[in-house]
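Nothing here was measured: the structure is a model prediction, and the numbers come from that model. Convention: sequence-line order gives letters A, B, ...; per-chain numbering from 1.
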Amino acid sequence: MDRNLKARLEARLGGYLRGPIYQRHDETEIRIEPGSIPDVLRILHDVVDLRFEILADIAGVDTGEVMQVVYHLWSPMTTDWLRIVADGISRDDPRAPSATFLWIGAEWLEREAYDMYGIIFEGNRDLRRIFMPPDYTSFPLRKDFLLPDDAARSPGAGVRHVERTHVPADLADDPAAGIRRAPAS
Amino acid sequence: MPTRQRAPRPSTGRARTTKPGPQPQRQPSTDDPRIMLDRQVGALYEPIPPYPTRTEREGEFYTLGDGEMFLNVGPHHPATHGVLRLVLKLSGEQVVDVDPVLGYLHRGVEKICENSDYYHVIDQVDPLEYVSSLFQEWPAVLSFEKLMDVQVPRRAEYIRVLSGELLRVSSHILYLGFYALDLGGLTPILYSFIERDEIVEMLAALTGARMLFNYFRIGGVNGDLNHEFMSRLGDWMTRAAKEAESQATLLNENEIFVRRTRGVGILDRATALRYGVTGGNLRASGVPFDVRRAHPYSVYPELDFNIPTRDEGDSLARYLIRIDEIRESIKIIDQCLHNMPDGPVMASLPRLIRPRPGRAWGAVEGPRGMLGVYAISDGSDQPFRFRIHDPSFLNLETMPALLPGSLLADTMTIIASLDPVMGGIDK
């Protein structure tokens, strides 16, 4: 835990922070609005006593109520990993600004988050599916995307999952559960 | 809207004859599965996607300029290290642009992990980095240990470092062999596999498996060091350094190899950082970023080793970095054997793990770069979110920056020098 980093972040990013800075083990976590992602990343990358120059990861998260985009950054100026949680992205129309203006490598990471969660990164030049086929219509890592053979959560914990897969192939979609079995025509 | 021209289909080896005049249209029977399969496969490997372009970059790529053509490489190609498909845009023999197409090996491991309990996650992530799968287990257990505030016994940490560094040597040696193989040299791969088999058999004695080890546990490792492992390791250590040197000599002093790699695919420091490249590929561009030193985990702060860097950033530098790292790893293994403490190899943990709600990021330095896991716990026995970050993914992303301007034959050099493992990229 780098207490000094906390003070520096509060001084530099005071206006952008939503909620307190959270520190645990070797991680420092800040929460921001999705709209302020470009400003915050720019400050973290450019300011001399922060210098977060290595983008470790971009992850999409679906909490069930909102979407998040989570960045992990590394800097030589601190012993902590920095985690930036851009919180409160609407699940119905998830949009967030792209980080490609700073790290071009974010392009594929954002493509993956789009592929898995449907988060649209504005400013990404190449936002198309990366793992799933191009005609795929769903977003598999969303929490309302249930696996048909979700054995671990079934009452029998893997014993009775075979029964659950015996559904007619042409079963209609179930929008209430967010299940879409046939591709949209 | 840019005009799109259709490229000629790659030759199938048959001469195509066009008959003048109307031809009788033969309707393929939809009952014949072979014909339908043939059509589907044909559409799958069409270089130009059969739908309108969706993004700016895609529109730019799939518009052919004067004298340009598309060439489809893969997904099944011996030099693409798995099922990677590249659509190359060529002008003569020169590569103009490249569009890597991923996903042929996508298994949805993150979703599977979110639906299995904490112990099962470890064997689900094993097949991702199948060349060095301990390094894929490591960030997973690291993040879970952070979630649960588990103190790992020191002996377990030393065993992790020992087995990890052995696997790093094995992975790098395999890299050297496959690199040469992709450039047309058959000999080094044979010697690589001799070395690798010794290490893999050694680890099999320790873990019980040759490739997918499933050895690390939350709070320690699965089993203590045993006699067979130690005797094999001692035997290997007496000549490991010498063997590695003689292996390296096979290629270092090979003029064809050096001339085909020097100055090819130069990745400069600034571009490497902007692309988020990690591992040997980043250090070959002059950035001394190694998670073992940049953000120490396990017992690495106690060990004495160097982080080799090079400034050239070309394919040869990426190869030479691996050679240097083999030497450093052998140094670490030696120290582990000398400093190995006594004690338990597992912390005591409940049979069913339910960490308190929280978030944790664990990152380790694998042979290809930084592997990370971002785990969120909601208090249940399954991770709420399990994000896997693989270094090969971002290393491969540099291809549109590295390939343009190089010759078609150098494509293989550059892919091999980046050392991608498709299992990790496609998750």
Side-chain angles (χ1 to χ4, degrees), chain A residues 22 24-27 29 53-64 68 70 72 74-76 78-83 85 100 102-109 111-113 115-116 124-136 140-141 143 145-147 149-153 157, chain B residues 49 51 53-58 60-61 99-106 108 110-112 114-117 120 146 149 271 273-278 282 287 289 291 294-297 358-361 363 370 372-374 376 378 381-382 384-385 387-389 393-394 396-398 401 426-427:
Chain A
Y22 171 79
R24 191 181 175 201
H25 298 296
D26 54 350
E27 293 159 24
E29 180 182 298
E53 56 186 23
I54 287 183
L55 172 70
D57 189 32
I58 296 179
V61 174
D62 178 12
T63 65
Q68 297 175 341
V70 181
H72 284 92
W74 179 86
S75 153
T78 172
T79 53
D80 274 18
W81 290 106
L82 179 67
R83 179 184 311 134
V85 181
T100 44
L102 208 50
W103 287 287
I104 186 73
E107 202 172 275
W108 278 19
L109 293 168
R111 274 177 73 180
E112 192 187 341
D115 196 359
M116 296 294 145
N124 188 322
R125 291 183 71 234
D126 200 16
L127 199 69
R128 52 189 158 129
R129 289 194 177 268
I130 190 161
F131 292 147
M132 305 307 285
D135 55 351
Y136 194 70
L141 275 177
K143 284 292 167 193
F145 184 101
L146 300 176
L147 298 181
D149 58 348
D150 194 345
R153 289 200 194 275
Chain B
Y51 39 79
T53 56
R54 292 147 300 167
T55 61
E56 200 185 330
R57 153 87 186 145
E58 198 184 13
E60 186 188 292
F61 181 83
D99 186 28
V101 182
L102 309 180
Y104 290 95
L105 212 56
H106 180 63
E110 287 181 8
K111 187 77 176 177
I112 297 171
E114 284 166 20
N115 286 293
S116 39
D117 73 29
H120 286 159
K146 279 188 190 176
D149 295 306
T271 315
L273 283 174
R274 286 192 67 220
Y275 269 98
V277 174
T278 49
L282 182 62
V287 185
F289 177 79
V291 186
H295 193 101
Y297 54 96
R359 298 168 290 281
W361 164 258
M370 182 185 64
V373 159
Y374 175 48
I376 302 181
D378 61 347
D381 59 340
Q382 296 167 332
F384 182 75
R385 172 78 172 102
R387 157 78 187 162
I388 302 159
H389 175 85
F393 186 68
L394 290 181
L396 195 75
E397 193 184 352
T398 56
D426 279 351
K427 290 208 251 295

Subject >> B/Glu60 vs A/Arg125, side-chain contact (heavy atoms from CB on, under 4.5 Å): CA-CA, chis, key distance, verdict >> reply: CA-CA 10 Å; B/Glu60 186 188 292; A/Arg125 291 183 71 234; 2.5 Å; yes

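- B/Lys111 places a side-chain N or O within donor-acceptor distance of the main-chain N or O of A/Pro140, the cut-off being under 3.5 Å.
- The existence of a salt bridge linking A/Glu112 and B/Lys427 is confirmed by a sub-4.0 Å separation between a basic side-chain nitrogen and an acidic carboxylate oxygen.
- Atom CZ of B/Arg387 is separated from atom CG of A/Leu109 by 6.0 Å, given to the nearest 0.5 angstrom.
- Ion pairing of B/Arg359 with A/Glu27 is absent here, as no side-chain N (NZ or NE/NH1/NH2) approaches a carboxylate O to less than 4.0 Å.
- If you measure heavy-atom distances from B/Val291 to chain A, the contacts under 4.5 Å come from the side chain alone.
- Interface summary for chain A: among B/Val277, B/Leu105, B/Leu396, the most heavy-atom pairs under 4.5 angstrom belong to B/Leu396.
- Contact count against chain A (heavy-atom pairs under 4.5 Å) is highest for B/Arg274 among B/Arg274, B/Glu110, B/His120.
- With a 4.5 angstrom heavy-atom cutoff, A/Ile58 touches chain B only via backbone atoms.
- Looking at every heavy atom in both residues, A/Gly105 comes nearest to B/Glu397 through O-OE1, 2.8 Å.
- Residue contact with chain A, scored on non-hydrogen atoms closer than 4.5 Å, involves the backbone and the side chain of B/Phe393 alike.
- Looking at every heavy atom in both residues, A/Lys143 comes nearest to B/Phe384 through NZ-O, 2.6 Å.
- Checked by atom type and distance alone, the side chain of A/Arg24 never pairs as donor or acceptor with a backbone atom of B/Ala360 at under 3.5 Å.
- A/Arg83 contributes atom CZ, which lies 9.0 Å from atom CH2 of B/Trp361 (distance to the nearest 0.5 angstrom).
- For A/Asp62, the part lying near chain B is the backbone, with the side chain staying farther off; criterion is any non-hydrogen pair under 4.5 Å.
- Contacts between B/Leu394 and chain A at a heavy-atom distance below 4.5 Å involve the side chain alone, from C-beta outward.
- Two residues are said to be in side-chain contact when any heavy atoms from C-beta on lie closer than 4.5 Å; B/Thr271 and A/Ile104 fail this criterion.
- Counting all heavy atoms, side chain and backbone alike, B/Arg385 lies closest to A/Ala59 at NH2-CB, 4.2 Å.
- Within the 4.5 angstrom heavy-atom criterion, no atom of B/Phe61 approaches chain A.
- Only the backbone of A/Thr100 comes within contact range of chain B, judged by heavy atoms closer than 4.5 Å.
- When side chains are defined from C-beta on, B/Glu114 counts as touching A/Leu141, because their heavy atoms get closer than 4.5 Å.
- In this structure, no portion of A/Asn124 lies under 4.5 Å from any heavy atom of chain B.
- Using a 4.5 Å cut-off on side-chain heavy atoms (C-beta onward), A/Ile54 and B/Leu282 make contact.
- Between chain B and the options A/Leu55, A/Asp57, A/Asp26, the largest number of non-hydrogen pairs under 4.5 Å is found for A/Asp57.
- For chain B, the nearby part of A/Glu29 is the side chain; its heavy atoms alone come within less than 4.5 Å.
- The closest donor-acceptor contact from the side chain of A/His25 to the backbone of B/Lys146 lies under 3.5 Å.
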